[in-house]
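First up is the structure itself, then whatever we jot down about it.
What's counted below: heavy atoms across the whole structure, side chains too, no hydrogens, waters or symmetry copies. To find a chain, count down the sequence lines: A is the first, B the second, and so on, and within it residues start at 1.
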There are 2 protein chains.
Amino acid sequence: MVGAFAVLGEASRLRILEHLRGAECSVGELVDRLGMSQPAVSKHLRVLREAGFVSSRIAAQQRIYRIEPEPFAELEHWLAQYRRLWDRHLDALERHLDNQE
Amino acid sequence: MVGAFAVLGEASRLRILEHLRGAECSVGELVDRLGMSQPAVSKHLRVLREAGFVSSRIAAQQRIYRIEPEPFAELEHWLAQYRRLWDRHLDALERHLDNQE
DNA sequence: CAGGCATATAACCGGTAGGGCATGTTCAGA
DNA sequence: TCTGAACATGCCCTACCGGTTATATGCCTG
């Protein structure tokens, strides 16, 4: 879990994810949009890929990257442990639903 | 936003939050539970405090720390931008499982 | 008010992460 | 098969981060 946060705790990587959120993207397009060197972008993409946030497919000479949903689902699950802190109403609702069963 | 993730991208700080999730806690109690030096714990608490994840009140010679909900709400909000990605994923998974039957 | 406890801060150090440059690798097209 | 495009990787350097030790601060207690 800490690994996922460490991956997201980097401005360039967050920007990459925001770009990929709209549509999948080649490395070159990301380089243009981020104004960073191509090796730097590739390194970040590698980190994101090894953490499962993105995957790539090969199209000719290009690598097309896209977002993968699983790590986000894990974040959601982690966050749920803390949700009752700021949404006690939802917590009460959960107890209500539990009692329904 | 990236700041919040950077704060969470550290094992000791996540452990601190998990301890505080159950109940508020003094620095000394955290030192005992984490098996770390007191200055290290204080440094992490400072980072967490400046990021808004925790707040402290003074009780005699002790500082009692507790979780603050706002940053978690911001995480929730950030995650919502990506939620539809894994909602679709879950939908696809369900359809896949349905087809299995 | 002196002493001790709980915590914060300072100074320092070793590891590591991010950036750039140079280079390797793969593939399309002439 | 040769060339160039697109991307990955290796290497180096610098900056920052987390940890420890030592010290400062603030508050109870005798």
Test side chain to side chain contact (heavy atoms under 4.5 Å, CB included) applied to V31(A) and M36(A), step by step = CA-CA 6 Å; V31(A) 169; M36(A) 239 184 343; over 6 Å; no
task = Quick one: do Y65(B) and S56(B) satisfy side chain to side chain contact (heavy atoms under 4.5 Å, CB included)? Show the steps, please.
result = CA-CA 4 Å; Y65(B) 280 82; S56(B) 67; 3.6 Å; yes
Can you give me every donor-acceptor pair (side chain of residues 14-21 of chain B, partner residue at least two apart or in another chain, under 3.5 Å) with its distance?
none

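Annotation: the span from L30(A) atom CG to H44(A) atom NE2 amounts to 11.5 Å, rounded to 0.5 Å.
Side-chain N/O atoms of H44(A) include one lying less than 4.0 angstrom from OP1 or OP2 on dG19(C).
In this view, F53(A) and F72(A) satisfy the ring-ring contact (aromatic ring centres under 6.0 Å, His included) rule, not counting sequence neighbours. Partners of S42(A) according to the side-chain hydrogen bond (donor to acceptor under 3.5 Å, both in side chains) rule, which considers only residues two or more places apart in sequence or in another chain, are Q38(A). Applying the side-chain hydrogen bond (donor to acceptor under 3.5 Å, both in side chains) criterion to S37(A), with sequence neighbours excluded, gives no partner residue. Every residue two or more places apart in sequence or in another chain that forms a side-chain contact (heavy atoms from CB on, under 4.5 Å) with R46(A) is listed here: R49(A), E50(A). With sequence neighbours excluded, the residues that form a side-chain hydrogen bond (donor to acceptor under 3.5 Å, both in side chains) with E76(A) are R83(A), R83(B).
Per the geometry, CZ belonging to R57(B) stands 15 Å off C1' belonging to dA6(C), to the nearest Å. Summarising the geometry, the separation between CG on L48(B) and P on dT7(C) is reported as 16 Å, rounded to the nearest angstrom.
One axis for each end of the helix from dC1(C)-dG30(D) to dA30(C)-dT1(D), each built from five base pairs, and the angle between them comes to 20° at 10° resolution.
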query = Going 5' to 3' along nucleotides 22-30 of chain C, which nucleotides have protein heavy atoms under 4.0 Å from the base (write B), which only from the sugar-phosphate (write S), and which from neither (write -)?
reply = B-----S--
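For DNA chain D, the contact window with chain B, defined by any atom under 4.0 Å from a protein heavy atom, covers dG18(D) to dC28(D) in 5' to 3' order.
The two atoms that bring P71(A) and A51(A) nearest to each other are CG-O, 3.7 Å, heavy atoms only. The minimum heavy-atom distance linking V41(B) with L34(B) is given by the pair CG2-CD1, 4.2 Å.
Applying the salt bridge (Lys or Arg N to Asp or Glu O under 4.0 Å) rule to pairs touching residues 23-40 of chain A yields E24(A)-R57(A), sequence neighbours excluded.
Scanning residues 5-36 of chain B for heavy-atom distances under 4.0 Å to DNA chain C yields S26(B), V27(B), G28(B).
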